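What follows is one structure encoded as structure tokens, with my remarks underneath.
A, B, ... follow the sequence lines: proteins, then strands. Residue 1 opens every chain. Remember, it's a predicted structure, so these values are computed and weren't measured experimentally. Computed over heavy atoms, backbone and side chain alike; hydrogens, waters and symmetry mates excluded.
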Number of protein chains: 2
Amino acid sequence: MTAANRSSSTPKLQAQPLYARVQQALVDRLIAGNWRPGTMLPSEFAIAEELGVSQGTVRKALDEMTALGLLVRKQGRGTFVAEAEDTSILFRFYRLTRDDASTALAAPAASFPDSTYLSQVCGTATSKEQEVLGLNASDKVWRFERVRSDHVEPILWESLVLPVSRFPSIDETTQLPNNVYQFYGNEHGIIVARVEEKLRAVIAPPNIVSALGLESGAPMLEIDRRAIALDGQIVEWRTSLCRSDTIHYRNELK
Amino acid sequence: MTAANRSSSTPKLQAQPLYARVQQALVDRLIAGNWRPGTMLPSEFAIAEELGVSQGTVRKALDEMTALGLLVRKQGRGTFVAEAEDTSILFRFYRLTRDDASTALAAPAASFPDSTYLSQVCGTATSKEQEVLGLNASDKVWRFERVRSDHVEPILWESLVLPVSRFPSIDETTQLPNNVYQFYGNEHGIIVARVEEKLRAVIAPPNIVSALGLESGAPMLEIDRRAIALDGQIVEWRTSLCRSDTIHYRNELK
DNA sequence: AAGTGGTCTAGACCACTGC
DNA sequence: CAGTGGTCTAGACCACTTT
């Protein structure tokens, strides 16, 4: 971008720095679904030339998007849209660990649990579901229930609520995979940018006690999670009830 | 740094990029206590000249340290060592929120709780304390117990264990302030770089029930926290038992 | 006006990957 | 070997704060 057209597009006060506008332009393409997870982006120089800015400015935008977990950069190969199955991306949103894990606190979880689906129903969103997912009264949702187990035992019961409008291809026969965020990205072009969680301690409900083989009245960790897509909309409401006798939730604050 | 002395100090293969070595040099000064929290660092150009590198390289190091929460940059003023009382630094390590808070999930906690200290004793580290804090059998620790309350009610009971060797100025008469990380930084030059937490659900112990006015058998959130200083050593072991009927733990994963 | 951090550019060279 | 990202430099200019 020359001095002339920079000053013409933003006369004096530029609302946003150039690299931020470049970043937004790239994020917009991700939202539009132009680039699915795993896709290789054009090179820094190609993007720079296309947008009329310098390569250093594109680099700053790409670096920030990489820090946000949206992109993965591989020296000598290229810049790619992050995939849920990328190493260390897999565990980005998974914080449960066995108490007896020999690893240090900072180490990643040893294993990613598998899932057994218990139910899969479609219905009109309840008022609470409307509020959480930002839906209207007539909107429909898919509701899934599953039990997740690690290599030792069942560790949690989980409920997933998805707005039908964002997942039009789901039907009664759809087999949700174990890694649902990979499914959201590859099948629906929905990239989960971040998740917000609320954690509480609760007493295990009787039906969960039997499903997980717990003692009656056992304390459990309840995790209320909302997954937010790149466009800022909540695309999944998840409630997990995790056993707390052998599993804990690890967190690192920086 | 000229091409000549760069190639002489790192003949061909440089183990670390230059900005990383600059960053480590600056972190080392923080560890040594040369710069207390709130201190203004030399300007980018001054650091660059002193270390014989370009200003852009210093900038990259400072930007990373800012991202780690170690520094605070203020345009037109300078770069400062982060203080625990800096806005938004205050809540960096505090994740508890009232259930009825009208704020969105992403909003910061409404209030920082105050503390009532229950006990303050010095003793030889137990084997568990030795393991957690990396101490020897004869090492001593300070143990504090406190109850923390927000504007409504007591919300948690908390135990703090500190190695005496890192906090030589503490004695029986020391009044720990409410914001202990500020105290660590200003009084002992200990900068907490990050904390690691393990969360579990437990049944409230009888003595906690009475201290917080809970119902017998209530589920509580147990938070096992280790605070890690810049030098990588654990300087505080904290165990919190938080009421779960009106308070939750919020987390955002990116 | 002087000094600070923030943005942007242009170009050089290095390190890694894949053909 | 060509193409990619990664590092480093030098310099220009902008925005903000303090004197």
Side-chain angles (χ1 to χ4, degrees), chain A residues 1-26 38-67 70-82 86, chain B residues 1-26 38-67 70-82 86:
Chain A
M1 183 176 281
T2 65
N5 64 22
R6 180 166 67 249
S7 57
S8 68
S9 61
T10 55
K12 270 301 184 191
L13 274 297
Q14 44 196 35
Q16 290 230 54
L18 193 48
Y19 71 85
R21 284 175 284 166
V22 169
Q23 183 176 343
Q24 190 57 53
L26 297 174
T39 307
M40 179 179 159
L41 267 60
S43 73
E44 298 179 350
F45 279 106
I47 296 174
E49 187 180 16
E50 181 195 339
L51 299 181
V53 302
S54 79
Q55 178 250 8
T57 298
V58 172
R59 164 169 289 271
K60 179 146 184 171
L62 294 177
D63 280 347
E64 287 206 357
M65 292 172 72
T66 302
L70 301 179
L71 303 178
V72 175
R73 316 196 72 177
K74 299 177 184 174
Q75 182 172 153
R77 304 229 289 120
T79 303
F80 303 82
V81 181
D86 282 334
Chain B
M1 185 177 280
T2 66
N5 65 22
R6 180 166 66 249
S7 58
S8 68
S9 61
T10 55
K12 270 302 184 191
L13 274 298
Q14 45 196 35
Q16 292 231 70
L18 193 47
Y19 72 84
R21 285 176 284 166
V22 169
Q23 183 176 345
Q24 190 57 55
L26 297 175
T39 306
M40 179 179 160
L41 267 59
S43 75
E44 297 179 349
F45 278 106
I47 296 174
E49 187 180 15
E50 180 196 339
L51 299 180
V53 302
S54 78
Q55 179 249 9
T57 299
V58 173
R59 164 169 288 270
K60 179 147 184 171
L62 294 178
D63 280 347
E64 287 207 357
M65 292 172 72
T66 301
L70 301 179
L71 303 178
V72 174
R73 314 196 75 179
K74 299 177 183 174
Q75 183 172 157
R77 305 230 290 121
T79 303
F80 302 83
V81 181
D86 282 335

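- Of the side-chain N and O atoms in T79(A), one or more sit less than 4.0 angstrom from OP1 or OP2 of dG5(D).
- Considering CD of E64(A) and CG of L71(A), their distance stands at 11.5 Å, rounded to 0.5 Å.
- In terms of phosphate contacts, K60(A) brings a side-chain nitrogen or oxygen within less than 4.0 Å of OP1 or OP2 of dT7(C).
- Considering OG of S43(B) and CD of Q55(B), their distance stands at 8.5 Å, rounded to 0.5 Å.
- With rounding to the nearest 0.5 Å, the separation of CG in L18(B) from CD in Q23(B) is 12.0 Å.
- Expressed to the nearest 0.5 Å, how far CZ of F45(B) lies from CD of E50(B) amounts to 15.5 Å.
- Scanning atom types as modelled, no donor and acceptor separated by under 3.5 angstrom connect the side chain of R77(B) and the base of dG5(C).
- Interatomic distance, L62(A) CG to I47(A) CD1, rounded to the nearest 0.5 Å: 5.0 Å.
- When the local axes at the two ends of the helix from dA1(C)-dT18(D) to dG18(C)-dC1(D) are compared, using 5 base pairs at each end, they differ in direction by 10° after rounding to 10°.
- Protein atom CZ of R59(B) is 18 Å distant from nucleotide atom P of dC13(D), rounded to whole Å.
- In this structure, F45(B) reaches neither bases nor backbone, as no heavy-atom distance under 4.0 Å exists between it and the strands shown.
- The pair E44(B)-K60(B) fails the salt-bridge criterion, with no side-chain N (NZ, NE, NH1 or NH2) lying under 4.0 Å from an Asp/Glu carboxylate O.
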